[in-house]
Amino acid sequence: MILRNLIYYFLLYKTCLAVVKDNFRECEQTSFCRRLRNLKPDQSRYILNLNSLQVSENSVEAELLNRNENVRFKLILSALAGNIFRVYADEISPIHARYRVQGVLDGEPQVSKIEILKRDKNEVIVQSGNNKAILKAEPFQIEFFTSENLVAVVNGRGLFNIEHLRRKSNIEVKEGEENKEEQSEDSGAWEENFKSHHDSKPRGPEGVAMDITFPGAMRIYGLPEHADKLALRTTGPGGIDPYRLYNLDVFEYILDSTMALYGAVPVVYAHSATNTVGAFWLNAAETWVDIQNSKDQNVVSSFVNLVSGQTKENKVDVHFMSESGVVDLFILMGPSPKDCVKQYMSLTGVAPLPQYFTLGYHQSRWNYITEDDVTTVVENFDEYDLPLDTMWLDIEYTDGKKYFTWDPIKFAHPDQMLKNISSTGRHLVVIIDPHVKRESGYFLHDDALANDYYVKTKDGNVYEGWCWPGSSSYPDFFDPKVSDYYKSLYSKLRYDNVDNDIMIWNDMNEPSVFNGPEITMPKDCLHYEGWEHRHLHNLYGFAYSAITYKGLLMRNPNKRPFILTRSHFAGSQRYAAVWTGDNDAKWEHLAASYPMCLSEALGGISFCGADVGGFFNNPDIELLQRWYQAGIWLPFFRAHAHIDTGRREPYLFPEDERHRIRNALLMRYAHLPLWYTLFYEHERFGEPVIRPLFYVFPKEVEVIDIENQIVIGDSVMAHVISESGASTANVYLPGGPLTYWYDLNTLKKYNGNGWMSLSVNLDFIPVFYKGGKIISRKDRPRRASTLTHRDPFTLYVALDNNKSAKGTLFIDDNESFEYQKGKYLYIQFEFKNNELKSSLIDATDYETLEWIEKVIILGAPAGVKKAVLNSNSLNFMELEVHYIDDVLIIRRPGVSVREPFTIKLL
Ligand SMILES: *[C@@H]1O[C@H](CO)[C@@H](O)[C@H](O)[C@H]1NC(C)=O
Ligand SMILES: *[C@@H]1O[C@H](CO)[C@@H](O)[C@H](O)[C@H]1NC(C)=O
Ligand SMILES: *[C@@H]1O[C@H](CO)[C@@H](O)[C@H](O)[C@H]1NC(C)=O
C-alpha cells in the first residue's frame, strides 16, 4: 500500500511540480491581474455623485459613476464600533449578482454614530468619535483622519476599479478584452476563449481593485500566508510580483517569495513610530496585492536619526486586486498596532480557548505505520523521560485513503489503540481530508452521489480530480445539506469506552487537486447556488474547518475541539490552528517559521506553528536541536516529517543531543501555564498570543524589521538561532535603559539598550523575561501536560527598575466549556513595595489542589532576611529565603492558588 502511494506520489505529484515557479502563475499570466495592474494612476474614472447622498445614523450612501462607461454603483461608508470605517461598493443593477463573502465576519459588526461636519457637491466630511472621513466627489476618493492626522487615503492613486459587463442587447464584453481566467481542463493553458466556455451564462470580467495610501507609514505588515519577510516588500511591474492570495498546495515552497501558499488573510497594518492603521479587504476570490514602500527595507539606519514623528517622505501604497466580488473594505483606525489587531479581531473573531493538552508537544510523521508503531513511539518517549501529549496519524491509517475508515490490518483496533494512548494521558489526532475516494461501496462516496453532495463541473457533472486516493470528488461544503451530513461523520471517530476524543487534522483543503490547474480545483467548477469556484476559492478550507469544528462539538459538546487546518482564510482562528505546511529541513526554513507565524498572528491566527525539523529532507542533528529550541516558543508545537525521511523522534539521538532536546521540551512544559493564560486572554481581549517587536514597542523605529525575535504575550522574548555553529547571537533588547531583560539561561539582567552580542552554545537560544512581569511556571518534569494538573507553581517575579512586577494566571478544567459559566480562576499577581500579592480578577471560583511551591525574584532588592506569608488559612507564616547573586528564592509558601495571599519581604 505504501509502495502504491509512493508511486502516486512520484508520478503524479513530484514530477509535475519539479520546478515550483513554473507551475504557478505570475500576475502577468493572470489576465485580471494584468488588466487591473495596468491601470494608470491618477486617471480615476469614478465620480461620487454627492447630490444623491443619503445620510443615516451610522452611514452615508451615494451613487458612484464610472464616467467613461456610464455605469452606476452604490458606495456606502459606515462607521463601526471601536474605530473602524467600512467602505462598501457594488453595482446598482448588475447583470449577475456579485459574490459576497459569507460566514467570515463573526456576526454583523456593531455600528457607531456619525455626524456630518460639512457637505457640498465636492465633498462630505463625516465624523465618528475621534476619526474623520472626507469623501471627495471628483475624482472619487476618501481620506481618513485620526484626530487631525491624515492616516489613509482610499483611491488616492485612482486605481479603484469595478469591472462589469456592459448592458447591451446581447450580453458581450468589452472589445479586445480577454475574459475569464483559465478555466478547467488544461492546467497549461492559462487563458482560454470566453465564448467556448460560457455559452449559457457568461459573466465576463468582474475584477475589483482598490488602492490605499498610508501617509507617514514606514512599514506594512500582514497578508499571510507567504514565506517572506515580516515587513512586506515593495513589489511592482518589472520587479517583484505582487503578493498573491490564492490558497494552493505548493510543493517545496520557496522562501523570500510573494507566491501564494495554503492560506489567505487579506489584512495589512501600516505602521510608523507614531501611528498604525490597518485595512481588511474582505474578498475570497484570487487576490494580488502590490506594495510600494517609499523607503526600502534594510536601510533602517536612515530612520534611526529621524525625530519620531511623521515625516512627509514616508508612505506606503497598497493596491488590492481581486478577480471578482464586491468592494468590502474595513479601515482599522488604530492608532497603535494593538488597537489595529484588536479592531481586526472584533470583525473576524477570536480563537476559543484550546484544551490545555494542545499546547504540549505533538509528535507526528507521515506515517506511524501500525498500532504497534504508535505504541512503541509512546513507550520510547516514556522510556527516555521525554514529555509528549499527542500522537498524530497521517493518511496511511485509513483503509485506502477513505477517510472515516481504518486500515483493517495495520489499524485493526482503533478503540484499543486510543485507550492505550489515553491511559498514559496522551491524545490522538488523525487526518481527515476533503477529497473523497470515488469507489462504489465506500459509504461517503455512495452517500455523496446519492444525495448530490459534490462540487460540479461547469457542465453540471460531478467534478473528478486526482488526489491521494486516486480519482476523487470534493464535497461542496458551502451547501447546508452537505454541512449537516459531513458534521455528523465525526461521531464515527468516537469510542464510548475511552476518555480522550480523537482530534482532527484537515489537510489538502485548498483544495489540493494533483491534476487540476495550479494543483487546485478549476475556477469554473460550480458550488451551491451556482457560484463558481473562482468566487469563493479562498474560503473552501475555511468552510471545511468550520464544519469540522461543529462536527466535533456535535460529537461531544463538553470538550473543546482541536483542529489543525492547512488552508485558511480570515476568521479561521474561530475553528482551527494552522501550521506553515510542507517546509524543508533547512536553516532558512527554521528562520522563516518566526516571521510566518508572526504574520499569521497579526492576521488573527495566533495558534500557529511550523513542522519542527522540517517536513522534507533530513535535518542534521544541530539543526534539529535548534529547531526544538526555537519551536517551543511558537504556539503550536509539532514535529512532523515526510514519508521519505529517516525517523527522528528525539529518543533516537545520542545522549547529549537528546538531553538538549529534552531540555527544550521541559522548557515548553514549564511555560504551559503561561501559554494557556495567553490563549485565555486572547479570547477575552483579542490580542495575539505571539507578537512581533514592533507590536510591543511601537515607538521604537529600530525594531520595525526585526523578525528573528518573538514576544510571547508581553513577558518572554525569544531569539531564533538559524545558522550552524553559532557562538554568538546578535540580539536586540528593546525598551531603553530603564527596561530590564533577564536572560533565562543565566538569570543575568540586561538593560534594553538595543543591539547586543550574546555568547551562545548549543545548549540554548537567547530567551529573556521582561522586567516588570510575573510568570507562573510548572517546573516539575512530567510525561504529559495532563499529568501536571495537580503540580504546584513556581512564580518567576522579574522586577523592573521600580522593583515592581505583575502577571496573570488562568486556571480551569483544561478541556470543557465550564469556564464560560464562571468555573475558573483568573488570578493577578503583583509585586511592589517589597510585597507580592495575589488577588482574583473576577469573582469566580474553581476547585483546584494547585499551590505555590516557590517564588523566584529576579533583580531582587538586597538584604532581605526572611519573608512572611499572610493568607486566611496560613496567617503570618515565616518563609525561608536565600540569594543566588541578585536572585532571591522564597521556599515553599505552600499556599493554595485559590487563596488570595501576600508575601512580604523583610
Ligand atoms: C494496548 O496495550 C496493550 C498492553 O500494553 C497491548 O497488549 C495491546 O497490543 C495494545 N493495543 C493496541 C491496539 O495498541
Ligand atoms: C517606574 O515608576 C515611574 C514613576 O512612577 C514610572 O514613570 C515608570 O514608568 C516606572 N517604570 C517602569 C519600568 O514601569
Ligand atoms: C485541569 O488543570 C487544573 C489546573 O492545572 C486542575 O486543577 C484540574 O484538576 C484539571 N482538570 C482536569 C479535568 O484534569
Side-chain angles (χ1 to χ4, degrees), residues 24-25 30-32 96-99 101-102 179-206 245-249 260 262 264 283-287 322-325 433-438 444-445 448-449 451-483 486 508-544 547 567 569:
F24 300 101
R25 280 184 288 142
T30 309
S31 52
F32 84 86
H96 300 286
R98 286 169 171 268
Y99 184 72
V101 170
Q102 305 289 313
N179 300 294
K180 292 321 257 193
E181 304 316 314
E182 84 296 342
Q183 305 296 340
S184 50
E185 305 82 329
D186 181 355
S187 61
W190 300 124
E191 320 252 330
E192 288 186 37
N193 190 289
F194 178 74
K195 293 199 172 72
S196 66
H197 280 291
H198 278 267
D199 301 329
S200 49
K201 207 184 164 200
R203 293 185 66 101
E206 49 180 336
L245 294 170
Y246 190 56
N247 294 347
L248 292 174
D249 178 2
Y262 319 95
N283 189 303
E286 178 178 353
T287 296
S322 294
E323 184 176 359
S324 66
D433 287 351
H435 49 260
V436 176
K437 183 173 190 167
R438 298 184 53 84
L444 185 41
H445 179 58
L449 279 185
N451 300 297
D452 194 21
Y453 290 157
Y454 284 136
V455 174
K456 302 289 182 359
T457 66
K458 64 179 165 47
D459 306 314
N461 301 316
V462 170
Y463 171 68
E464 287 182 46
W466 201 264
C467 207
W468 296 129
S471 178
S472 304
S473 287
Y474 294 75
D476 180 8
F477 296 113
F478 298 94
D479 183 338
K481 72 174 186 290
V482 177
S483 165
Y486 205 94
M508 310 296 278
N509 48 348
E510 294 73 23
S512 177
V513 182
F514 294 162
N515 60 338
E518 298 194 278
I519 330 297
T520 192
M521 188 174 275
K523 284 182 171 173
D524 58 2
C525 276
L526 296 175
H527 290 270
Y528 182 60
E529 294 185 327
W531 293 108
E532 290 182 38
H533 188 66
R534 80 181 71 251
H535 297 122
L536 41 71
H537 172 85
N538 283 346
L539 279 181
Y540 190 81
F542 170 92
Y544 187 42
I547 287 170
S567 171
F569 189 71

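Just so it is clear, the values below take in all heavy atoms, side chains as well, and ignore hydrogens, waters and symmetry mates.
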| message | Under 6.0 Å between ring centres: does that hold for Tyr486 and Phe477? | response |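 Judged by ring-centre distance (under 6.0 Å), Tyr486 and Phe477 do meet the cut-off.
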| request: Check whether the ring centres of His445 and Tyr454 lie less than 6.0 Å apart, and answer yes or no. | output: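 Ring centres of Tyr454 and His445 closer than 6.0 Å.
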Testing the basics here: between [X] and [Y], what is the closest heavy-atom pair and its distance to 0.1 Å?
X	Y	answer
Asp479	Asp452	OD2-O, 4.5 Å
Pro517	Pro522	CG-CA, 3.7 Å
Leu248	Ala260	CD1-CB, 4.0 Å
Leu526	Thr457	CD1-O, 3.6 Å
Ala284	Leu539	CB-CG, 3.5 Å

Does the [X] side chain pair with the main chain of [Y], one donor and one acceptor, at a distance under 3.5 Å?
X	Y	result
Thr287	Ala285	yes
Asn247	Asn538	yes
Asp476	Phe478	yes
Asn283	Ser322	no

Inter-residue atom distance [X].[atom1] - [Y].[atom2], 0.5 Å rounding:
X	Y	atom1	atom2	answer
Ser471	Arg438	OG	CZ	5.0 Å
Thr520	His533	OG1	NE2	4.5 Å
Ser567	Met508	OG	CE	11.5 Å

Measuring only between side-chain heavy atoms, which start at C-beta, is [X] closer than 4.5 Å to [Y]?
X	Y	result
Leu536	His527	yes
Tyr463	Asn461	no
Pro511	Asn509	no
Pro469	Cys467	yes
Pro475	Val436	yes
Tyr528	Pro480	yes

| Passing candidate, side chain to side chain donor-acceptor pair (under 3.5 Å) with Glu206, options Arg98, His535, His96 |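 So the option named by the test is His535.
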| What orientation do His435 and Tyr474 show, parallel under 30°, tilted 30 to 60°, or perpendicular over 60°? |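 The arrangement is perpendicular - the two ring planes meet at more than 60°.
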| query | Between Tyr540 and Tyr544, what is the ring plane arrangement, given parallel below 30°, perpendicular above 60°, and tilted in between? | reply |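 Tyr540 and Tyr544: parallel rings.
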| query | Is there a salt bridge (Lys or Arg N to Asp or Glu O under 4.0 Å) between Lys456 and Glu532 once you walk through the steps? | reply | CA-CA 9 Å; Lys456 302 289 182 359; Glu532 290 182 38; over 6 Å; no
| Salt bridge between Glu286 and Arg534, side-chain N to carboxylate O under 4.0 Å? |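 Arg534 and Glu286: not salt-bridged.
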| request: Using the test salt bridge (charged side-chain N to carboxylate O under 4.0 Å, His left out), find all partners of Asp459 that sit at least two apart in sequence or belong to another chain. | output: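 Salt bridge (charged side-chain N to carboxylate O under 4.0 Å, His left out) check on Asp459 returns nothing, list empty.
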| Is it the case that Ser512 and Asp249 place a side-chain donor and acceptor less than 3.5 Å from each other? |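 A pair is found: one side chain offers a donor N or O, the other an acceptor, under 3.5 Å apart.
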| query | For Val101 and Phe542, what are the C-alpha separation, side-chain angles and deciding distance, and is it a side-chain contact (heavy atoms from CB on, under 4.5 Å)? | reply | CA-CA 12 Å; Val101 170; Phe542 170 92; over 6 Å; no
| request: Answer yes or no on whether Lys523 is positioned over the face of Tyr246, meaning its NZ or CZ is under 6.0 Å from the six-membered ring centre and within 45° of the axis. | output: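 Checked: cation-pi criterion met.
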